[in-house]
Amino acid sequence: MDELIFHKRITKITISVILILIILLAGGSMIVSVLDRLRQDTVNTQMQEEAEEYRINILRSLDADLALLHTLAELPEYNGTADGGEAFDMHYETGAAGKFISVAYFMKSNTGTLIRRSEGTQEEISSQSLNQSVMEMLEKAFEGEDAISEIYYNEILEMDTYAYAVPVREGDSVVGVLAAECGTKTISDILGDAMVLSGQGYIHLIGVDGRFLILSPKQPEETLVSVFEIDYIKDETERIRDAMAGGRSASYSFDYQGDSYTIYLEPLGLNGWYLFCVNSMQGISVPMYRMIFLMQAISAGSLLLVCFLLFYGYRLVRLYNKELMLAAYHDPLTGAYNLDKFTRMLDRILERSGEGAVMALNIRKFKFINEIFGREQGNRILCLIKKILDRHLAEDEFCCRDTADFFYAYFKGSDSGLLRQRVEEMIQEAVHMIYGHDGGYQIQMYCGVTMISKAEKAASGDIMTHTMFALAKAKETPPDRIWFYDSEVHKQEQLENYIESHMNQALTDGEFKLFLQPKMNLRDHSLGGAEALVRWITGNGRRIQPDQFVPIFERNGFCVRLDMYMTERVCIQIRDWLERGIEPIPISINQSRLMFYEADTLH
């Protein structure tokens, strides 16, 4: 088909699909973003409202306990004497303070009476023997303030507890402190309400250090010690610390076991305690779910439309894919691979095994075949060579036609003798078969081969370059001969190329150096003169020997310029001696015979 039409169709389909995808992605992204924001705001608002409600419930419970203690503390029996303890004993026994696990009355002497249900009455109890948090609470109460201790573990009762303390006053003076101890069940029951966060979450009580004080009964079976040790929110640790340090409420999101959750921190306003609320993203209203479901349906329909368009485009591309591949990787005349495909396949071979051989084949003076027999006959010869190559190639071997009469082939194996035999048979078959197709005209071929070794790890580009070098060397030998790439010969060729490409610049840069070889007088062994010798020392200190560059200069005529340059260097040296007061010696200079072909040499 016409390539322009094909590209127009592909471009039109591609642009259409891209535009639709952009519109769908943009619209879908906006809708999803709005819904996600709305859902997050809904969850946050719900969590804030419910956290505030449970904060108030907890504080009410604590205030109720403090109010009960205040009621007891205002009775006239508490007058700051030991009788006050006896009066408290009476009220405790009658049930006035029965909701507490233990109660105590302390006087300013820091001694008091402790009554615990399990152990009865203990008198002369020192406040110094109590928990540090309880001691701090008592000190605050003696200063005239109501106080609630931190939650601590009571080793005697083997349970978590906390304590209250209120001052007992006589007039304006504090004469004692009334204290009571409670278990955490009351707060735990509040946090374990079945309707907490619409039944989709749970609330914990944590301390200012992030330690879990009271865990919700709904908490999944998991050992929790501190907020800052939970792996799945470790990325939010610093932000949580900052919020708690500033006494602020804050919310965060995280993923756990494939579900999305939101954390909300609500300060309780007491002892630096926080409500640590965790709610799943499913904790939103039914209308919101319906809206999300509707958007999912719209997204699914859009996706089906996109899939249809993509499938239609795929069908169209598949119809023309074969032609495209043929155009991209095959020679239109012979049907063989082109050079690009050949090098790609060679790269894969090198990555996989890195062993074998690459052959380059060329017909001698092929252009005269086209001139004598016509281009059509020349094309038939090229197609015939491709068929012969195919017959001689084994499995996993392949060939290609580059341009004109250049063919390449990859062979397996590392035995150069066996490969030479295979290639010779192939060439002989081609020569004999083509002889019968073109009216008795016998073709001649050149062939260059590069062996591939695992140890060398050469790239495909280097291998193709070496093969072309071998083919060029083959053209210097009699036809129908095979030349195997020789690295040493190639190095010599590279040196010769360097010499010819750098000789003029080397002369300009003064890289040709004058060396004097002394000549001794045999009669008296005195210095009789010197012979001027040339040495080539490159800018990086590399030495190129005269036997490497002089024969090349003799062939290309550069020796004339070099001889004149050396003559000039000798004259400069003699002048230097004269100026320094040194008597010069005779210096002989070698001259090429080519100098005498120059018109002005003898003048």
Heavy-atom pair with the smallest gap, counting every atom of [X] and [Y]:
X	Y	result
F484	A470	C-CB, 4.4 Å
I443	A430	CD1-O, 4.5 Å
L382	A404	CD1-O, 3.6 Å
M468	Y408	SD-OH, 3.0 Å
M520	H525	CE-O, 3.2 Å

Between T538 and H502, is any pair of side-chain heavy atoms under 4.5 Å apart?
no

With under 30° as parallel and over 60° as perpendicular, where do the rings of [X] and [Y] fit, or are they tilted in between?
X	Y	value
F512	W536	tilted
Y410	F398	parallel
Y337	H330	tilted

Just by modelled atom types, is the E511 backbone N or O under 3.5 Å from a matching donor or acceptor in the D509 side chain?
no

So, E531 side chain and K519 main chain: donor-acceptor pair closer than 3.5 Å or not?
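Not at all, since once roles are kept as given, no pair shorter than 3.5 Å links the two residues.
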
Ignoring hydrogens and geometry beyond distance, is a side-chain donor-acceptor pair present between N338 and D331 at under 3.5 Å?
no

side-chain contact (heavy atoms from CB on, under 4.5 Å) partners for L522, two or more places apart:
none

State which residues pass ring-ring contact (aromatic ring centres under 6.0 Å, His included) with F407; sequence neighbours excluded, sorted by chain then number.
none

